[in-house]
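Take a look at the structure set out below.
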Amino acid sequence: MQIMASPAGLVGLGLCFLVLVVEPLGAYGSSRGSLGGIDGAAAPVINGICATSVTTHGYECQEYEVKTQDGYILNMQRIPEGRVGGSGGGNKKQPVLIQHGVLVDGMTWLLNSPEQNLPMILADKGFDVWIANTRGTRFCRQHVSLDPAHPEFWDWSWDELVTYDLPAVFDFVFNHTGQKIHYIGHSLGTLIGLASFSEGHQADKLKSAAFLSPIAYLSHMKTALGVLAARAFVGEITTMFGIAEFNPKGQEASVFLKALCDYPGVDCYDLVSAITGKNCCLNTSTVDLFLKNEPQSTASKNMVHLAQTVRDGIIKKFDYGRPDYNLMHYGEDRPPVYNISNIPRDLPIFVSYGGQDALSDVEDVELLLDHLKFHDVNKLSVQYVKDYAHADFIMGINAKDIVYNQVVQFFKYQQ
Ligand SMILES: *[C@@H]1O[C@H](CO)[C@@H](O)[C@H](O)[C@H]1NC(C)=O
Ligand SMILES: *[C@@H]1O[C@H](CO)[C@@H](O)[C@H](O)[C@H]1NC(C)=O
Ligand SMILES: *[C@@H]1O[C@H](CO)[C@@H](O)[C@H](O)[C@H]1NC(C)=O
């Protein structure tokens with residue numbers, strides 16, 4: 001069985017940043033040291049995200065471990081209050097859960113200065129901020145019985161993020177705060193939120209949702225490199241697919257990317273732009289920091305699933321590529337569809353998308369909005385940022401003024 005591990009994925013799509021990875025960067029530890037208690041007590045994570053990126057700026061920060069129903073142990077950070085105690089007054093602070101995209105982890109939110117990054121801005125505005133990290137990323141490589149060195153650990157796609165990761169972190173935050181949660185997703189973090197909420201999950205724990213640079217429909221993706229990669233990736237599936245770690249910093253990934261860049265019409269001169277679109281507002285120092293910390297591994301199956309979404313133009317579960325295999329997994333010969341129109345119409349939703357975003361293409365976002373056309377009018381706010389591309393929403397130096405302040409306002413309006 002051939003593992004398509006490869007590289008193809010690389011370009012797969014979320015590709016958010018992989019882009020940057022032509023040269024393999026320094027390796028990060030493949031697993032963590034011993035972990036503290038699961039569920040409940042803050043766990044001691046040496047050199048974790050709190051220690052490297054949050055407390056250094058004078059914020060309180062707690063590390064948690066959350067176990068999913070299928071045995072993965074996820075790492076989460078909580079910034080319970082602002083530097084000056086926040087502005088929440090005497091009232092209980094409202095929890096916000098922030099979910100990153102594919103091939104990165106929660107640290108990407110924290111690379112800009114405290115005045116510019118989303119979690120710290122929210123904390124300073126009086127919110128109780130929780131940062132999620134998905135399975136497979138550097139601090140989420142533990143499982144009750146599986147080992148990341150073995151393929152079984154990597155047998156999942158974004159369906160499992162919908163079915164297991166998201167419910168685990170929602171339950172955890174809800175249990176700790178006793179309050180409904182404001183959700184923020186970027187990129188793949190939007191897709192898993194949309195899919196989950198469309199199935200009616202988290203309804204009792206969710207207060208509102210903000211989708212930044214949403215990806216749902218992907219068939220209008222403009223980047224030649226992304227399209228080519230997605231095609232290569234699904235093209236490699238025949239009857240069997242490989243289950244493996246997809247490490248964008250790996251040798252294979254870099255070789256593959258270089259090969260794609262030789263195709264006519266693919267311009268990799270500026271790789272970031274080639275994949276994410278032309279970001280207007282990134283700080284080079286922040287990008288350097290990003291490259292030191294990201295990208296992160298995901299499962300090859302996850303990249304294939306994303307590539308299927310590009311190919312098929314439908315948001316559905318992982319396609320095993322053969323009717324009999326699908327039957328075995330789903331009881332139907334085709335994968336079940338996530339019907340975005342089923343998202344509860346009274347769920348307060350904020351959507352922000354960019355005119356330069358090559359992954360979250362304007363036409364695809366319009367298709368998404370079309371599926372929300374029966375949403376209660378006063379529950380849906382949409383913002384279009386003409387100059388923004390995919391990464392500006394997480395690292396833009398002016399994202400506070402352009403996007404985050406609107407998110408804060410939107411959340412406050414729901415109180
Ligand atoms: C949350 O609390 C419920 C009820 O006490 C419990 O069943 C569940 O396991 C808890 N979940 C987490 C993630 O702590
Ligand atoms: C870019 O990042 C550097 C290092 O954090 C910082 O000193 C500088 O002020 C930032 N520039 C802008 C425009 O935010
Ligand atoms: C999706 O859900 C909407 C609203 O609930 C419904 O009208 C529509 O028929 C559904 N579409 C499919 C393909 O099931």
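Each ligand, and each atom within it, is numbered from 1 in the order the structure gives. Only a predicted model underlies this, so the values are computations on that prediction, with no experimental measurement involved. Residue numbers count from 1 along this sequence.
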> Is NZ or CZ of Arg322 both nearer than 6.0 Å to the six-membered ring centre of Tyr320 and within 45° of the ring axis?
Replying inline: no
>> Ring of Tyr72, cation from Arg135 - is the NZ or CZ under 6.0 Å from the centre and inside 45° of the axis?
In response: yes
> For atom 5 (O) of ligand 3, is the nearest protein heavy atom under 4.0 Å away?
Replying inline: yes
>> Can you report which non-hydrogen protein atom sits closest to atom 14 (O) of ligand 2, along with the distance?
In response: Gln116 NE2, 2.9 Å
> Going by the order shown, which atoms of ligand 2 are within less than 4.0 Å of some heavy atom of Ile397?
Replying inline: 13 (C), 14 (O)
> Atoms of ligand 2 less than 4.0 Å from Ser285 heavy atoms?
Replying inline: 2 (O), 3 (C), 4 (C)
>> Consider side chain to side chain donor-acceptor pair (under 3.5 Å). Of Gln383, His186, Gln406, which one does Ser352 pass it with?
In response: Gln383
>> Heavy atoms only: which of Asn283, Asn398, Thr286 lies closest to atom 11 (N) of ligand 2?
In response: Asn283
> Who gets closest to atom 13 (C) of ligand 3 by heavy atom: Val337, Asn342, Asn339?
Replying inline: Asn339
> Charged N to carboxylate O below 4.0 Å: is that the case for Lys301 and Glu245?
Replying inline: no
> Going from OH on Tyr217 to OG on Ser360, what distance comes out if it is rounded to the nearest 0.5 angstrom?
Replying inline: 13.0 Å
